[in-house]
Every structure is written in structure tokens, then in C-alpha cells.
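Let me begin by presenting the structure, written as C-alpha cells, before commenting on it.
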Amino acid sequence: MAQFQETMRQQLESSMHDELEKLLDTTTGAEREVSKKDFEGFKNLFHRFLQVKGPSVEWIKIQRPPEDSIQPYDKIAARGLPDNVANSLNKLVVVKLNGGLGTSMGCKGPKSLISVRNENTFLDLTVQQIEHLNKTYNTDVPLVLMNSFNTDEDTKKILQKYTHHRVKIHTFNQSRYPRINKESLLPVSTNLRMTGQNAEGWYPPGHGDIYASFYNSGLLDQLIEQGKEYIFVSNIDNLGATVDLHILHHLVSQPNGKRCEFVMEVTDKTRADVKGGTLIQYEGKLRLLEIAQVPKAHVDEFKSVSKFKIFNTNNLWISLPAIKRLQEQNAMDMEIIVNPKTLDGGQNVIQLETAVGAAIKCFDNALGINVPRSRFLPVKTTSDLLLVMSNLYSLDAGSLNMSPKREFPTTPHVKLGSSFTKVQEYLIRFESIPDMLELDHLTVSGDVTFGKNVSLKGTVIIIANHGDRIDIPAGSMLENKIVSGNLRILDH
């Protein structure tokens, strides 16, 4: 049986290699070379995918991380900062993951170009933050964007507007991998073009691809030559992911033999974060455990706030020389995420992906730091957008800070219904963003609009039944209210 399976695996791999060669033959020149490099990475991933037997973790071997492997942020910050912060900053590169589109929020083009506050986009705020650092400390912290084939062209057009800002911006592209037919396990594309139906045959393979594509781009070596030692990586839609000087100082002040090569910022789980990846001790190494790796029988246990108390914010600090070493030793080992998709024509495909944080087990002296929740402020939906556009936050040099007027540090729980999913629809429904300083919970469902200067406090639930519409009048103050049925204020 084992021999038969091995023969099948070899046949599948051989067929895949033949198909990839055929795809390469559909183009020439530079595009062929780039695709050839991408395909080397894909072949490696596909080979590992065929080898996988059963779950990637044995539940019984999972242990809680040792006490000292996840440090409280306060302990790191208590050490204070050196007189010369600039020395540390000049060893840093900020990397933003910029491969995603704004489609889930009803927007065309890169997500990073959506306006989130005072007409500023995610990218504007990032540039402002780094420029502020460089001006304040007279440093040269560059910004690197990891684009995908979906976002590269539009992002590069927009970058021209930052030419006179005090921040050097570099870009490199994530790999482009072929989606494979769920049944035959062969590519669905017939050529390398990105037009027509063929465009659906390609995908960027998750942010775990950062290591290989950064290395292949030549940019990694270039930055090491300039004396850079660490990258701070985060999702571009996490508005809480600003450069933290205390974490940076902790990294660069370690003695050489004990150099920490990887820091993962984690934060305490709430009921809203039950699906987030968590840190575990596994076979003597700190390791990221994602919900996709959990056997079905243990999913509820994984989601429990009492057993797994923290989750990964995807704010990561990683040593540049360590990335180079692991890439050159071919020692970067990340679990494969098998992501099933259905194409527009109904064809079932799978895409093989990896996650950037999963490489934590490959680095020496890796550490988790339990940071305040304020460092995790992702904008995935218009509900999140409402929070960051409101008076709960003030904007200072590209950074959002919780207003001192809010008496408790937690953010309200906001759930906007399907009428608000798309940014354009959402903006039409609010004449101005309500005062939310004293809000705990907001649920809105159905056809609802808000007039100017509305104030929301405590728990507010607004439900317009099907066919009804609710207009919240200008100047209204709703405190611990449920509004339902039909409320239309008509001018007469």
C-alpha cells in the first residue's frame, strides 16, 4: 500500500512539473524568469503537500508555553529607552503586507488605498507615521511594501505622491502560484497571462511567502548591506501596528549569543478573537497554532478563552540575517494551509498557502510579547471602519490613539448589518459619524440611516424590519435603547 501511494505521489509530481514547464513555454524573457523562480517555490510547497499525512499537530503533545517565553509588555517597557534611540531605529525596516484587495468592503483596487480617516488611506497613515519617526529622531527608517500581482500596479502609481516625504519606499512582489484543480491536482491555467478566465487560475500564496519573495527580490541583501538588522512586519490594515521603541530596544540590546531572532506580538483573547492563532510549546519549540491545524474534535477547546489566553496580532519583529540564513539553508518550515475555492464557472480548486508567523519555530530565541490591545486595531469591515472614523480615536502624526475622554480602555462592540457592507453604502447612511465615546455595544440591521450629530451611549440596537426604514434624526441621543419597526422622519 505504502509503495502504491509513493508511486502515485511521484506520478502526480511528475505531471505537475510537466504542466509547469508547459506554462513557462507560453512566455519569454523577464516574465519567464520571474515565473520560473515562483514555480520553484511552488514545486517545493506541492511536494510537501503530497507528503502530508493527517493533522500537522498531535493534540496530546501540545503544551502551554513556558512562563519566560511570553513576556508582558510592561516588563519590556520598564527597562526604559537608551539616550540614543536613533541608533536602534537605523537598524530597522518597516514592512507592510500590502497584497490584499478591498473587495470584502466593496472597493476596487488595493485595500491600502481605502480612506479611513480625514481622507487619509491606510498607506497615507503608514507613511506619516514613519516620516514622523525619521524627522523626530533624524533617522532613515525605510518602508517596504510586499505587494501582490493584484495590488502592485495601482500601488506603484500612488507612490509617486510620496516622493517629497522623508521616507524611502521600496516594493517587492509576492510570488504568483497556480491554483490547482481539486480532483486532478493540476493547474487550471493554460498560459501565464492574467486576462479573461485565465486570471482566476492564479493566486498570491499567503503572507508566509514573504521570506522567499523578499530574499529572491534582492532587497533583503541590499538592506543588510545598509546595516539594517530587523524588520517590523504587520498587516497594512492594522492601524495599531506602529513602531514600538521599547520592543525595538529590547531586540537590539540583547548580547550576541542570545540574540532574539523573532518576536511575535500577542494580546489577550476576547470572545471576538476565538479564531485567532495562538502560541504553544511543541516538541521543545515555541510554535504558532492556527485553527485550520486543529483536529475537529478539539476546535471548541482551541476557541476557549481559558485554555488559550492569547492570540497572534501578526505584528512580528524578525532578524534580517536570520531570514537570509534560513532561506539559504532551505530551513524555513511552515505548515501548509489548504484553502479551497470555487471559481466563477463553478470549478473547485485549492490554493496552497503559508502564514508568516508559522516560521517562528525555525528562529533562535523566539519570544512572544503580550502587548496592549491597542496594538491590534484591524479594519476588516465597515464596523471596524466606523470605530476608527469616530471620536473614540484622535489622529496624531499618522497614529490613532484612544481618546482620553473615554473612561474605559476597551473598544465598543459594533455590528453593522449587510446594508452597510460596502464602503460607499456605509458612507451614504451616515450624514456624520456619531459620538461614540460612551458606547458599549451597537447592532444595526436593515435599512437604517443616521442624521448629523447623533450620540450613542451604552447598548444601542436598531433593527429595521424587511421593507421598513429607520431614519435616526439629527441631534438624537440614544442611550441603552432598542429601536425597531419603522421610524421615518418626514420633512413637511
Side-chain angles (χ1 to χ4, degrees), residues 96-117 120-126 145-155 158 174 176-177 179 194 199-210 234-241 272-277 290-292 311-315 337-344 346 348-351 353-357 376-390 400 411 413-430 433 442-446 448:
K96 293 287 182 183
L97 304 173
N98 184 46
L101 293 166
T103 39
S104 64
M105 292 170 77
C107 296
K108 283 200 170 89
K111 186 173 182 183
S112 56
L113 307 185
I114 295 174
S115 286
V116 280
R117 180 86 188 210
N120 288 301
T121 65
F122 290 106
L123 188 54
D124 292 335
L125 295 176
T126 302
L145 299 172
M146 178 166 89
N147 298 339
S148 68
F149 60 81
N150 288 320
T151 61
D152 190 51
E153 204 176 311
D154 290 338
T155 302
I158 235 66
Q174 239 175 309
R176 178 169 76 126
Y177 283 3
R179 284 179 168 152
M194 289 292 298
E200 276 201 309
W202 303 97
Y203 71 100
H207 41 54
D209 183 54
I210 185 171
S234 62
N235 299 346
I236 200 156
D237 64 8
N238 178 7
L239 294 176
D273 316 305
V274 289
K275 291 183 178 175
E290 298 276 10
I291 195 163
F311 73 98
N312 167 28
T313 62
N314 222 34
N315 300 348
I337 300 160
V338 179
N339 193 349
K341 298 268 179 189
T342 303
L343 302 185
D344 286 348
N348 290 325
V349 297
I350 53 176
Q351 46 190 56
E353 303 176 7
T354 54
V356 58
F376 185 66
L377 188 58
V379 180
K380 303 287 181 197
T381 62
T382 50
S383 302
D384 300 328
L385 193 56
L386 181 63
L387 287 170
V388 299
M389 288 177 89
S390 76
L400 286 181
T411 49
H413 192 61
V414 173
K415 284 200 310 201
L416 299 178
S418 55
S419 308
F420 291 80
T421 305
K422 295 182 174 172
V423 174
Q424 292 320 109
E425 291 172 358
Y426 152 90
L427 290 171
I428 290 165
R429 291 180 178 278
F430 288 99
I433 302 298
L442 173 67
T443 295
V444 183
S445 175
V448 179

Run the side-chain contact (heavy atoms from CB on, under 4.5 Å) check on Asp209 and Tyr177 step by step: do they pass?
CA-CA 10 Å; Asp209 183 54; Tyr177 283 3; 4.0 Å; yes
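- In this structure, the side chain of Ser383 engages the main chain of Leu416 through a donor-acceptor pair within 3.5 Å.
- By the neighbour-count criterion of 12 heavy atoms within 6.0 Å, atom NZ of Lys380 is densely surrounded, having more than that number from other residues, nucleotides or ligands.
- Considering every non-hydrogen atom in both Ser419 and Gly446, the closest pair reads OG-O, 3.2 Å.
- No side-chain donor-acceptor contact under 3.5 Å links Thr382 to the backbone of Leu385.
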Using the side-chain contact (heavy atoms from CB on, under 4.5 Å) rule, take Val379 and Phe122 through it: C-alpha gap first, then chi angles, then the decisive distance, then the call.
CA-CA 10 Å; Val379 180; Phe122 290 106; 3.6 Å; yes
Assess whether side-chain contact (heavy atoms from CB on, under 4.5 Å) is satisfied between Arg179 and Leu343, documenting all intermediate values.
CA-CA 10 Å; Arg179 284 179 168 152; Leu343 302 185; 3.7 Å; yes
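- Heavy-atom contacts from other residues, nucleotides or ligands closer than 6.0 Å to CD of Glu153 number 12 or fewer.
- Minimum heavy-atom separation, Gly240 to Leu377: N-CB, 3.6 Å.
- A donor-acceptor contact closer than 3.5 angstrom is absent between the side chains of Thr155 and Asp152.
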Trace of the side-chain contact (heavy atoms from CB on, under 4.5 Å) decision for Leu386 with Phe430
CA-CA 10 Å; Leu386 181 63; Phe430 288 99; 3.9 Å; yes
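- A donor-acceptor pair under 3.5 Å links the side-chain atoms of Gln174 to the main chain of Gly206, judged by distance alone.
- A side-chain contact (heavy atoms from CB on, under 4.5 Å) with Ile236 holds for exactly one of Leu97, Leu113, Leu145; it is Leu145.
- Nearest heavy-atom pair, Asn314 versus His207, reported as atom, atom and distance to 0.1 Å: ND2-NE2, 3.4 Å.
- Under the 4.5 Å side-chain criterion, counting only non-hydrogen atoms from C-beta, Asp384 is not in contact with Met105.
- Taking both residues in full, the closest heavy atoms of Tyr426 and Ile433 are given as OH-CD1, 3.7 Å, listed atom of the first, atom of the second, then distance.
- A donor-acceptor pair is defined here as one N or O able to donate and one able to accept, closer than 3.5 Å; no such pair exists between the side chain of Ser112 and the backbone of Asn98.
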As a quick check of understanding, evaluate side-chain hydrogen bond (donor to acceptor under 3.5 Å, both in side chains) for Asn315 and Asn238, giving each step before the final call.
CA-CA 9 Å; Asn315 300 348; Asn238 178 7; 3.0 Å; yes
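- In terms of heavy atoms, Ile114 sits closest to Cys107 at CD1-SG, 3.8 Å.
- Two residues are said to be in side-chain contact when any heavy atoms from C-beta on lie closer than 4.5 Å; Gln351 and Pro205 fail this criterion.
- Two residues are said to be in side-chain contact when any heavy atoms from C-beta on lie closer than 4.5 Å; Arg176 and Pro204 fail this criterion.
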